[in-house]
Amino acid sequence: MGLSVTHVNVWMRGYLTGFYIHEQLKGYLPTIRETYLFDEADGLRGGGTCPVEKDWRACIAGFADPNRTDDRVTTCATTMDLRRIAAWEPSPNNQQKRRIARELRHEIEDEWGGAEKIVVRDFNLKDNQLTIYIKTRDGAEYHGCGFRSMRTPHCDGWHLFGQAPISSIRKWIFARPYVLK
């Protein structure tokens with residue numbers, strides 16, 4: 001992010017917790033803000049980008065499970081000291097990671113049968129999302145998914161990137177590429 005602290009609005013409904021990041025994130029347009037949606041059992045479950053002029057509560061609610069609208073919504077605000085979060089590192093490319101990478105490749109090939117090349121941003125087995133480049137005969141595609149290394153399928157909650165510039169997503173992936181195919 002390039003920030004030492006960030007200001008966050010927190011939205012809670014039932015088992016879901018959403019975070020709305022107030023600051024403009026590096027590589028994002030100044031007119032959008034990033035949101036993250038977590039559930040208590042599985043971690044990251046979605047989210048996305050919101051225009052700054054949209055009410056942040058409505059934005060997060062739009063990403064939440066529509067079947068749980070009877071649960072009461074509570075909100076608060078907090079400041080997060082990002083310096084206290086340990087630096088991320090990819091998992092070693094050991095037997096377990098290579099096995100999961102093979103399984104992930106098959107999942108992606110099942111979803112996009114014409115995939116000629118598949119590259120993910122290098123990952124840690126504890127990560128809860130992946131960013132993926134897929135080359136097909138028709139061109140390049142960029143997708144994200146909720147990632148669970150210890151479950152199959154490993155990817156669910158497939159998504160695109162809203163208003164985030166494709167050039168930023170491409171740079172993000174290829175700064176630490178992990179080639180699946």
Looking at residues at least two apart in the chain, or sitting in another chain, which of them share a salt bridge (charged side-chain N to carboxylate O under 4.0 Å, His left out) with [X]?
X	result
R99	E103
D81	R83
R170	none
R105	E109

Any donor and acceptor pair, going by atom type alone, linking the side chain of [X] with main-chain N or O of [Y] inside 3.5 Å?
X	Y	value
S91	L125	yes
R137	G114	no
H7	T79	no

[X] side, atom [atom1]; [Y] side, atom [atom2] - distance, nearest 0.5 Å:
X	Y	atom1	atom2	answer
D71	Y15	CG	OH	8.5 Å
L130	L104	CG	CG	6.0 Å
H154	I108	NE2	CD1	10.5 Å
E53	T31	CD	OG1	7.0 Å
R33	E23	CZ	CD	8.0 Å
I60	L37	CD1	CG	7.5 Å

Legend entry - Residue pairs passing the disulfide bond (SG atoms under 2.5 Å apart) test where at least one lies in residues 5-41, sequence neighbours excluded: none
Legend entry - Pairs touching residues 150-181 that satisfy disulfide bond (SG atoms under 2.5 Å apart), sequence neighbours left out: C145-C155
Linking I/L/V/M/F/W/Y whenever their side-chain heavy atoms sit closer than 4.5 Å, directly or via other members, would [X] and [Y] fall into one cluster?
X	Y	result
Y142	W158	no
L160	I132	no
V120	I100	yes

Inset, instruction - Check side-chain contact (heavy atoms from CB on, under 4.5 Å) between N93 and all other residues, then give those that pass, not counting sequence neighbours. - result: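 For N93 the side-chain contact (heavy atoms from CB on, under 4.5 Å) partners, ignoring immediate neighbours, are K97, R98, Y178.
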Legend entry - Partners meeting side-chain contact (heavy atoms from CB on, under 4.5 Å) with A61 (sequence neighbours left out): W11
Does [X] have any ring pair (Phe, Tyr, Trp, His ring centres under 6.0 Å) partners at least two apart in sequence or in another chain, and if so, which?
X	value
F161	H159
F63	none
H143	W112
H22	Y20

Please find the pair of heavy atoms, one from [X] and one from [Y], that lie closest to each other, and give the distance.
X	Y	result
T35	C50	CG2-SG, 3.8 Å
F147	D127	CD2-O, 3.2 Å
K135	Y133	CB-OH, 3.4 Å

Return yes when atom [atom1] of [X] has more than 12 non-hydrogen atoms of other residues, nucleotides or ligands closer than 6.0 Å, and no otherwise.
X	atom1	value
M12	CE	yes
K181	NZ	yes
Q95	CD	no

Legend entry - T78 and V10, any side-chain heavy atoms less than 4.5 Å apart: yes
